Amino acid sequence: MTGFFRQVADYTQNAISAGKYLLQGLAVTFDHMGRRPITVQYPYEKLIPSERYRGRIHYEFDKCIACEVCVRVCPINLPVVDWVMNKETKKKELRNYSIDFGVCIFCGNCVEYCPTNCLSMTEEYELASFDRHSLNFDNVALGRLPTSVTTDPSVKPLRELGYLPQGIMDPHEVPNKDPRAGKLPAEVLDWMKQESSKEGEIASISNTKEEVN
Ligand code: SF4
Ligand code: SF4
């Protein structure tokens with residue numbers, strides 16, 4: 001008999017939990033129902049890519065030792081490392097390096113395993129081209145410093161996908177007093193400053209506690 005009551009109690013508890021999770025999910029849905037999605041006015045507005053965004057690869061020719069680790073770890077052996085052996089110094093001499101972004105899958109393996117860290121992934125994603133051959137970047141093209149959404153004066157960077165305020169259907173009709181989706185660079189900077197000062201306060205409190213202990 002005790003077993004039966006335990007089963008009923010477990011069942012009821014599971015049913016309550018399931019109901020709770022269901023309501024939590026529906027709360028998110030209902031919260032978004034009254035809002036309208038906003039269109040990013042690309043190319044005048046751009047979303048700031050996330051911190052670990054895997055965009056166009058940047059390459060530093062001077063740091064490369066032509067070890068070809070990047071070729072071996074690449075799932076499609078994509079990077080082309082063009083080198084010759086200098087018979088006098090008995091060392092490799094790098095001539096050229098290229099990656100074809102028409103084929104690259106931006107997995108980041110080459111960046112991860114490069115022993116000299118001469119490869120890095122940038123936040124650059126605008127690689128569209130009329131000619132697929134122009135996507136084959138040589139060491140000069142790969143060495144170009146990446147553009148950044150936050151430092152480009154011609155675009156308005158948006159921090160994240162936002163929604164229009166309730167009842168507003170057209171993004172251009174958002175009243176000035178209403179908070180706009182996304183943040184301007186100055187606002188992002190303020191937010192970062194506030195966050196860092198908060199972190200500093202927390203660190204100083206924990207340090208004080210440790211000293212007291
Ligand atoms: S792994 Fe790095 S150092 Fe080695 S060849 Fe590739 S880019 Fe150059
Ligand atoms: S990102 Fe991946 S696919 Fe592209 S070159 Fe590097 S290892 Fe190869």
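All values derive from a computational prediction rather than experimental measurement. As the structure lists them, so they are numbered: ligands from 1, and atoms in each ligand from 1.
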Pairing of E126 and K46 as salt bridge, 4.0 angstrom limit: yes
Under 3.5 Å: donor-acceptor pair, side chain of E68, backbone of V81: no
Heavy-atom nearest neighbour in the protein, as seen from atom 4 (Fe) of ligand 2, with distance rounded to 0.1 Å: C104 SG, 2.3 Å
Nearest protein heavy atom with distance in Å, relative to atom 5 (S) of ligand 1: E68 N, 3.2 Å
Atom indices of ligand 1, in the order listed, that fall short of 4.0 Å to a heavy atom of P115: 1 (S)
Nearest protein heavy atom with distance in Å, relative to atom 1 (S) of ligand 2: G108 N, 3.3 Å
Protein contact to atom 8 (Fe) of ligand 2 [nearest heavy atom, distance to 0.1 Å]: C74 SG, 2.3 Å
D152 versus S154, side-chain donor and acceptor atoms under 3.5 Å: yes
ILVMFWY cluster, F106 and L78 together (side-chain gap under 4.5 Å): yes
Ligand 2 versus V111: contacting region, heavy-atom distance under 4.0 Å: neither
Atoms of ligand 1, numbered as shown, that sit under 4.0 Å from any heavy atom of T116: 3 (S)
Y97 reachable from L135 in the ILVMFWY side-chain graph, under 4.5 Å edges: yes
Ligand 2 contacted by I57 (non-hydrogen, < 4.0 Å): yes
Atoms of ligand 1, numbered as shown, that sit under 4.0 Å from any heavy atom of C118: 2 (Fe), 3 (S), 7 (S), 8 (Fe)
Short N/O/S contact of C67 with atom 4 (Fe) of ligand 1 (below 2.8 Å): yes
For atom 6 (Fe) of ligand 2, the protein heavy atom that lies nearest, with its residue and separation: C110 SG, 2.3 Å
Ligand-side contact atoms (ligand 1) for residue partner C64, heavy atom cut-off under 4.0 Å: 3 (S), 5 (S), 7 (S), 8 (Fe)
Minimum-distance protein heavy atom relative to atom 2 (Fe) of ligand 2: C107 SG, 2.3 Å
Validation row, ring centre F101 to ring centre F137 under 6.0 Å: yes
